[in-house]
Amino acid sequence: MAEESFDVIVIGAGPGGYVCAIRCAQLGLKTALIEKSKTLGGTCLNVGCIPSKALLRSSEFYHQTLHAAASHGIKTGKTSLDLPAMMKKKDEVVGTLVKGVKTLVSKKGVTVFHGNAAFADASSVEIEADGKKQTVSGKNIVIATGSSPVELPFLKFDGKTVVNSDHAIAFDQVPKKLAVVGAGAIGLELGSVWSRLGSEVTVVEFLPRVAATFDADISKLLERLLKKQGLSFELGTKVTGMKKDKKTTLLTAEKDGKELTIPADIILVAVGRAPNTEGLNPKAAGVETDEKGRVRTIGGFRTTAKGVFAIGDVIAGPMLAHKAEEEGVALAELLAGKAGHVNYDVIPNVIYTEPEVASVGITESEAKERNIETRVGKFPFAANGRALANDAPDGMVKVIADAETDRLLGVQILGQNASELIAAAVSHMEYGGSAEDLARTIHAHPTLSEALKEAALAVDKRAIHSL
Ligand code: NAI
């Protein structure tokens with residue numbers, strides 16, 4: 001039988017791959033999408049962004065019912081946790097979304113193959129499923145195989161005592177003591193979920209502060225707020241391994257030259273993710289990888305093999321679903337002869353703790369490193385009417401502008417709904433806006449977004465509602 005051939009074959013159906021496939025099909029390219037899992041949507045929909053957000057919402061609901069409802073004049077009876085029901089709700093959200101992606105992809109005219117894809121050469125791919133193999137060929141092949149949790153050599157994942165984020169979104173009971181290695185997005189989000197549900201959570205972080213991609217004032221404030229919620233932190237601490245006591249497991253670590261032992265029923269390792277190229281046989285196509293195992297790209301998402309491209313977590317850059325999606329769209333447009341482009345300077349970044357923390361552009365300390373003179377405006381949510389009405393006075397907005405041109409260089413928001421609020425800053429920055437532009441934009445009253453306007457006013461020391 002002749003092999004089926006396509007204009008574009010996309011390998012991997014995460015947010016990078018499926019979005020790229022849809023955009024290719026929209027542009028009239030005959031497109032195939034190959035996915036080794038049973039469901040589409042990749043890490044983000046199945047075990048990442050979406051299930052974690054569902055659990056964050058449910059656990060916050062539980063926590064608020066226990067700790068905040070009474071202060072709003074709401075009397076509840078005895079509140080208890082039904083973890084299987086909470087997990088079922090999360091699974092339903094995931095189920096709805098993956099079904100939605102399946103429908104979207106097929107209605108847009110993309111041909112889906114399920115199975116493991118391996119390069120035969122630079123223009124054909126072998127798909128293996130249930131012991132059967134078939135080969136498809138493509139004028140263009142896109143690698144969008146994503147990433148997987150990094151394992152520490154002395155803390156191997158066993159899915160029971162030492163786990164990664166895939167496991168930590170599906171515990172069947174609340175661990176009494178949870179040790180989390182890494183105070184990045186995954187550690188803080190899943191640490192928050194299980195802390196709210198009753199675990200004693202200790203987060204161990206190598207660096208001297210949490211959420212280290214944010215400025216120190218923001219991450220220090222976040223740390224303080226999370227501590228108030230019950231999380232403990234061991235910062236500036238190097239994890240060295242684990243040992244078993246008679247009854248308990250102890251995470252071992254080193255801080256200031258001294259050994260620390262942290263008792264834990266479960267250890268969640270959240271120290272980053274590594275690109276997925278295993279089983280893909282990139283060498284057969286002449287696709288090179290770099291020192292971190294990422295597919296090497298040489299501009300325009302091209303790899304070292306002609307006709308082979310790569311996007312998303314498997315290449316350099318932040319491992320974020322929206323970065324992958326944008327690359328997928330840009331690549332599809334380039335393949336269709338259009339001008340695809342990604343503005344890497346304006347990619348928002350969010351950690352969905354409560355309060356959330358979000359940023360775009362560069363931090364104040366990055367500006368210093370680059371010898372860029374800045375003017376900085378800050379505004380606390382404690383001075384924002386809506387934040388007080390929402391019982392969410394914690395956090396602040398920080399606007400960083402170029403001292404000479406007033407152009408917005410970066411914005412960081414620690415506060416309720418920061419993930420949504422950052423979008424306005426992203427838009428202003430996308431169009432090269434200044435702090436003055438943001439300050440003169442009308443924001444509805446009363447909204448949390450007024451804090452963004454006030455922080456922009458504060459760049460010029462003229463915030464209205466703060467001293
Ligand atoms: P991360 O890179 O965000 O954070 C890992 C943290 O672990 C860092 O602070 C690092 O200093 C620390 N670390 C590394 N080795 C360590 C060690 N041996 N001992 C103690 N600490 C150590 O990685 P994370 O949280 O695992 O997330 C993986 C990727 O997924 C990231 O690129 C992240 O941006 C992305 N992601 C994004 C989310 C979002 O947008 N909200 C949610 C979840 C993940």
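Just so you know, ligand 1 is whichever comes first in the structure, and atom 1 is the first atom listed for that ligand. The first residue in the sequence is number 1, and the count goes up from there.
- The side-chain hydrogen bond (donor to acceptor under 3.5 Å, both in side chains) test applied to Ser58 returns no partner, not counting sequence neighbours.
- Identified under the side chain to side chain donor-acceptor pair (under 3.5 Å) test for residues 180-193, with sequence neighbours left out: Lys53-Glu189.
- Inspection of the Arg386 and Thr447 side chains reveals no N or O donor paired with an N or O acceptor under 3.5 Å.
- For His63, the ring pair (Phe, Tyr, Trp, His ring centres under 6.0 Å) partners are His67, not counting sequence neighbours.
- Using a 3.5 Å distance cut-off with no hydrogens or angles, the side chains of Ser148 and Asn276 do pair a donor with an acceptor.
- Between the side chains of Asp215 and Gln412, a donor-acceptor pair is found at a separation under 3.5 Å.
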Expected rows: ligand 1 N/O, protein N/O, dist below 3.5 Å:
unit_1   : atom_1 : unit_2 : atom_2 : d
ligand 1 : 9 (O)  : Glu205 : OE1    : 2.7
ligand 1 : 9 (O)  : Glu205 : OE2    : 3.2
ligand 1 : 11 (O) : Glu205 : OE2    : 2.6
ligand 1 : 21 (N) : Phe206 : N      : 3.1
ligand 1 : 23 (O) : Gly272 : N      : 3.3
ligand 1 : 25 (O) : Ala185 : N      : 3.3
ligand 1 : 25 (O) : Ile186 : N      : 2.9
ligand 1 : 26 (O) : Ala270 : O      : 3.4
ligand 1 : 26 (O) : Gly272 : N      : 2.9
ligand 1 : 40 (O) : Val350 : O      : 3.3
ligand 1 : 41 (N) : Glu189 : OE2    : 2.9
ligand 1 : 41 (N) : Val350 : O      : 2.7

